[in-house]
Asks: 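I have a structure I would like to understand better, so I am pasting it below and will then ask my questions one at a time.
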Amino acid sequence: MRVDGQLAFNTGPSILAACQAGFGLAYLIEDYVTPLQADGSLMRVLDDWCPVFAGYHLYYPSRRHQSSAFSTIVDALRHRDRGA
């Protein structure tokens with residue numbers, strides 16, 4: 001299907017604002033739209049095309065000299081995964 005349009009966005013809030021203004025459909029993180037679905041401002045469409053999000057994944061190259069801040073984040077994420 002060919003779709004013509006003049007809008008391009010790179011942030012979720014901008015996409016949401018355009019969708020609320022009636023410019024079309026939006027593909028967004030569920031946290032952005034749940035309250036708006038609850039109050040009837042937005043509705044979910046194409047439900048079969050909305051896969052369940054299993055969570056975030058961290059990909060990083062194995063390196064010997066990682067910053068201490070990065071190592072702390074990796075350790076915290078590993079700890080959270082084990083505790084869940």
Asks: Give me each pair satisfying salt bridge (Lys or Arg N to Asp or Glu O under 4.0 Å) with a member in residues 26-45, each pair once, sequence neighbours excluded.
Replies: Glu30-Arg44, Arg44-Asp47

Asks: Got a second to check how far Gln20's CD is from Leu36's CG, nearest 0.5 Å?
Replies: 5.0 Å

Asks: Please check if Trp49 and Tyr27 belong to a single hydrophobic cluster, counting links between Ile, Leu, Val, Met, Phe, Trp and Tyr side chain heavy atoms closer than 4.5 Å.
Replies: no

Asks: On a heavy-atom basis, which atom in Tyr32 and which in Pro13 lie closest, and how many Å separate them?
Replies: OH-CD, 3.6 Å

Asks: At their closest point, which heavy atom of Ala26 faces which heavy atom of Ile15, and how far apart are they?
Replies: CB-CG2, 3.6 Å

Asks: Taking atom types as modelled, find out whether Ser68 and Ser71 have a side-chain donor-acceptor pair closer than 3.5 angstrom.
Replies: no

Asks: Could you give the distance from OG1 (Thr11) to CG (Leu16), rounded to the nearest 0.5 Å?
Replies: 10.0 Å

Asks: Please report the closest heavy-atom contact between Leu25 and Cys19, naming both atoms and the distance.
Replies: C-SG, 4.5 Å

